[in-house]
A.B. asks: 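Dumping the structure here so I can ask a few things about it.
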Amino acid sequence: MSATFLGMPGNFPENAAIAVQDSQLRFNLRKATHTIRDRRASVVGELPDWQELRAAGKAIKDHTLRNLDRYLLRMEEAVTRAGGTVHWARDAAEANRIVTDLVKATGETEVVKVKSMATQEIGLNEALAEHGIAAYETDLAELIVQLGDDFPSHILVPAIHRNRSEIREIFLDRMPEVSRDLTDDPPALTEAARLHLRERFLRSKVAISGANFMVAETGTLVVLESEGNGRMCLSLPETLISVVGIEKLLPSWRDLEVFLQLLPRSSTGERMNPYTSMWTGAVEGQEFHLVLLDNGRTDVLADEVGRQALRCIRCSACLNVCPVYERAGGHAYGSVYPGPIGAILTPQLRGMGSELDASLPFASSLCGACYDVCPVAIDIPEVLVDLRAKAPHAAAERAGMKAAGWILNDHERLAKAQRAATKLRKLVPKRRLPGPLSAWTDTRDVPEIPEESFRDWWEREASHGQGAE
Amino acid sequence: MSAREEILARIRTAVAGAQDVEIPRGYRTERQVDDLVGLFAERVDDYRAIVHVVPSAGVPAKIDECVRGRRMVIPEGFGRDGGWDDLRTADGVLTNCAVAIAETGTIVLDHGPGQGTRAQTLVPDYHLCVVRADQIVPGVPEAVARLDPSRPLTWISGPSATSDIELNRVEGVHGPRTLEVVIST
Ligand code: SF4
């Protein structure tokens with residue numbers, strides 16, 4: 001999926017299912033974002049000191065970034081002292097090479113993976129595949145995405161664009177052991193995934209993970225998750241390799257008291273996520289490698305306005321409140337980092353050389369909802385405005401920005417624009433939407449231009465009495 | 001230049017002249033909870049785990065009741081005989097914990113005596129955990145302060161779960177599908 005995913009323009013697989021998938025996408029997105037949004041608001045409201053936690057979270061991250069060199073060295077020392085090995089990677093190619101060599105040294109040709117945006121960002125799975133190493137994703141959503149040969153569309157619910165019957169089809173097609181009687185009931189699908197992965201967990205010798213946090217003072221890595229596949233990957237295999245962006249650092253153990261309150265509540269809207277694993281160095285006889293990844297982060301750090309994007313803890317709260325994301329969907333952002341955070345992080349990590357990346361800062365109406373919910377108070381609108389000024393195709397993109405506001409402001413016009421876009425679909429050269437729509441749909445994402453617009457689909461389905469629940 | 005040196009040099013150039021910041025810690029680091037056991041029990045129950053509050057003298061009998069008919073892994077140091085050794089065929093695991101958090105309904109294992117290895121608490125489908133009332137702290141900061149970072153730590157808040165299929169919550173993916181907690185008072 002992703003060296004390609006982050007680096008190359010438009011090679012999404014085109015198939016007949018795309019249109020259906022796309023109307024499903026809009027419906028699912030709305031349902032997902034609103035559900036999680038409400039849950040978040042309720043558990044955040046339970047904490048009388050939320051704003052104080054937020055202020056602390058912001059300051060801890062800023063302080064860490066200001067002293068990142070010092071804290072990285074401390075992290076290296078602490079991990080080494082605890083029996084782990086630390087590697088440094090300037091860019092994706094270097095990180096992929098390090099990981100590939102480590103896996104080769106074990107003699108294994110299969111690895112299990114726990115969801116990690118950093119490894120998607122560097123295209124690790126593809127790099128491993130080139131060396132004959134198969135990487136198996138183990139999060140249910142990532143598994144659905146990987147087996148379905150497509151791309152994640154949400155940080156937290158990457159397969160939000162797939163409905164249950166599509167998932168059933170994918171499982172029947174790609175899991176040889178699965179019975180033809182498999183229903184599309186979510187518990188049945190979940191059980192199929194559990195069985196599919198169980199033997200793999202028990203026999204895999206190498207696992208690859210990312211981390212949500214790493215603590216410089218103690219050398220501890222922290223992974224938050226829900227399903228238990230993280231625990232499987234982190235504790236069963238003999239060798240564990242964690243690829244972690246250098247900005248994931250926290251100075252002291254105590255800082256976890258802030259982030260373990262901010263992240264679960266902002267992310268899944270739970271008081272606490274089901275499982276959090278913490279480990280320091282080599283544990284229970286395991287071999288442990290930490291790969292510290294730069295890959296553009298130091299460029300972001302050099303930008304006085306943009307560097308605040310490095311505070312991001314990938315909670316996805318900003319996606320769930322964003323009116324543009326809700327309509328455009330995650331794929332439209334053309335990177336592993338979708339939504340408002342993607343709109344400011346991707347152009348900074350990759351530079352604004354491509355038309356897609358230069359258009360991302362315009363994928364916003366600057367309503368500011370993202371800033372309000374951000375647990376580390378990243379002023380996303382401020383960074384967007386700053387990036388807009390720096391974007392190379394200013395005139396065209398400004399038209400795009402106006403278009404975003406125009407579309408969002410008027411439902412009638414939204415419907416017409418979608419219908420018009422749908423009718424134009426076959427005429428569009430290089431899969432682009434023409435004119436004012438291009439800024440946030442001209443990504444490569446043909447799925448964004450359904451054969452039938454969502455509204456048409458909805459009305460038709462609803463009238464048949466079977467519009468999704 | 002090595003990657004390490006180059007990354008460090010880039011960082012130093014990038015932040016040269018930037019202001020450092022003080023960290024305001026105005027949030028609650030200690031909180032008053034009158035009924036710790038009650039709040040913890042309520043919050044664990046919210047995750048659809050099973051909770052029992054039992055006077056300490058009644059705990060062994062409660063455990064007997066819970067594990068009846070199950071092949072249970074009983075880790076070293078738990079102080080109970082008759083454990084099942086084969087992880088793959090075990091039905092469940094019986095453990096203590098290191099700390100529990102009332103506000104979030106979380107139990108934390110540091111995999112010390114009576115808590116098993118990480119694998120032992122993960123592979124079986126059923127986890128029965130005994131929490132002493134004096135192990136329950138009010139909030140996350142109090143728990144972080146009590147824990148030893150040099151130990152592997154597993155924080156557990158309810159059974160494993162996913163909402164990946166159309167946002168329907170399904171309990172039990174790869175971790176134990178049933179979590180049962182006995183609070184010993
Ligand atoms: S920018 Fe803020 S709200 Fe958005 S994912 Fe990052 S931390 Fe969460």
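In the text below, chain A, chain B and the rest are named by the order of the sequence lines, each starting its count at 1.
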A.B. asks: Would you mind checking which part of Glu142(B) comes under 4.5 Å of any heavy atom in chain A, side chain (CB onward), backbone (N, CA, C, O), both or neither?
C.D. replies: neither
A.B. asks: Donor-acceptor pair, Gln135(B) side chain versus Arg132(B) backbone, under 3.5 Å?
C.D. replies: yes
A.B. asks: Under a 4.5 Å heavy-atom cut-off, does chain A meet the side chain of Thr104(B), its backbone, both or neither?
C.D. replies: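 Contact with chain A: backbone and side chain both.
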A.B. asks: Tell me if the centroids of the rings in Tyr71(A) and His63(A) come within less than 6.0 Å of each other.
C.D. replies: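 Ring centres of His63(A) and Tyr71(A) closer than 6.0 Å.
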A.B. asks: So for Thr218(A), is it side chain, backbone, both, or neither that comes closer than 4.5 Å to the heavy atoms of chain B?
C.D. replies: side chain
A.B. asks: Which region of Gln19(B), side chain (C-beta onward) or backbone (N, CA, C, O), has a non-hydrogen atom less than 4.5 Å from a non-hydrogen atom of chain A, or is it both or neither?
C.D. replies: backbone
A.B. asks: Which bit of Glu76(A) comes within less than 4.5 Å of chain B, counting heavy atoms only: side chain, backbone, both or neither?
C.D. replies: side chain
A.B. asks: Between Arg198(A) and chain B, which part of the residue has a heavy atom less than 4.5 Å away: side chain, backbone, both or neither?
C.D. replies: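 The side chain, not the backbone.
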A.B. asks: Relative to chain B, which segment of Arg70(A) carries a heavy atom at a distance below 4.5 Å: side chain, backbone, both, or neither?
C.D. replies: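 Contact with chain B: none, neither part.
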A.B. asks: Relative to chain A, which segment of Val173(B) carries a heavy atom at a distance below 4.5 Å: side chain, backbone, both, or neither?
C.D. replies: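 For Val173(B), backbone and side chain are both near chain A.
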A.B. asks: Mark yes when over 12 heavy atoms from residues, nucleotides or ligands other than Glu30(B) sit less than 6.0 Å from its CD; otherwise mark no.
C.D. replies: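 Result for CD/Glu30(B): open.
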A.B. asks: Report which part of Val123(B) has an atom under 4.5 Å of a heavy atom belonging to chain A: side chain, backbone, both, or neither.
C.D. replies: both
A.B. asks: If we define contacts as heavy-atom pairs under 4.5 Å, which of Thr190(A), Ile144(A), Leu68(A), Asp184(A) has the most with chain B?
C.D. replies: Thr190(A)
A.B. asks: Check whether Ala89(A) gets within reach of chain B through its side chain, its backbone, both or neither, counting any heavy atom under 4.5 Å.
C.D. replies: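 The backbone, not the side chain.
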A.B. asks: What part of Ala193(A) gets within 4.5 angstrom of chain B, counting heavy atoms only: side chain, backbone, both, or neither?
C.D. replies: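 Contact with chain B: backbone only.
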A.B. asks: Side chain, backbone, both or neither: which part of Thr121(B) has an atom under 4.5 Å from a heavy atom of chain A?
C.D. replies: both
A.B. asks: Heavy-atom cut-off 4.5 Å, strictly under: side chain, backbone, both or neither for Glu225(A) against chain B?
C.D. replies: neither
A.B. asks: Which is it for Thr183(A) and Asp185(A) under the side-chain hydrogen bond (donor to acceptor under 3.5 Å, both in side chains) test, yes or no, and what are the steps along the way?
C.D. replies: CA-CA 5 Å; Thr183(A) 67; Asp185(A) 195 30; 5.0 Å; no
A.B. asks: Angle class for the Phe213(A)/Phe259(A) ring planes (parallel below 30°, perpendicular above 60°, tilted otherwise)?
C.D. replies: tilted
A.B. asks: Is there a side-chain hydrogen bond (donor to acceptor under 3.5 Å, both in side chains) between Thr154(B) and Ser277(A) once you walk through the steps?
C.D. replies: CA-CA 5 Å; Thr154(B) 306; Ser277(A) 299; 5.1 Å; no
A.B. asks: Using a heavy-atom distance cut-off of less than 4.5 Å, which residues of residues 175-185 of chain B contact chain A?
C.D. replies: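 Listed by number: Gly175(B), Pro176(B), Arg177(B).
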A.B. asks: With a 4.5 angstrom heavy-atom cut-off, is it the side chain or the backbone of Asp303(A) that approaches chain B, or both, or neither?
C.D. replies: neither
A.B. asks: Any residues in residues 54-93 of chain B near chain A, with a heavy-atom distance under 4.5 Å, and which are they?
C.D. replies: Arg88(B)
A.B. asks: Check whether any side-chain N or O of Gln115(B) sits under 3.5 Å from a backbone N or O of Asp110(B) as a donor-acceptor pair, and report yes or no.
C.D. replies: yes
A.B. asks: Counting only non-hydrogen atoms closer than 4.5 Å, does Leu53(A) touch chain B with its backbone (N, CA, C, O), its side chain (CB onward), both, or neither?
C.D. replies: both
A.B. asks: Any sub-3.5 Å donor-acceptor pair from His111(B)'s side-chain atoms to Gly116(B)'s backbone N or O?
C.D. replies: yes
A.B. asks: Using non-hydrogen atoms only, which part of Leu224(A) is less than 4.5 Å away from chain B: side chain, backbone, both, or neither?
C.D. replies: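 Answer is neither: Leu224(A) stays 4.5 Å or more from chain B.
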A.B. asks: Leu140(A) versus chain B, heavy atoms under 4.5 Å apart: side chain, backbone, both or neither?
C.D. replies: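 It is both, since atoms from each part get that close.
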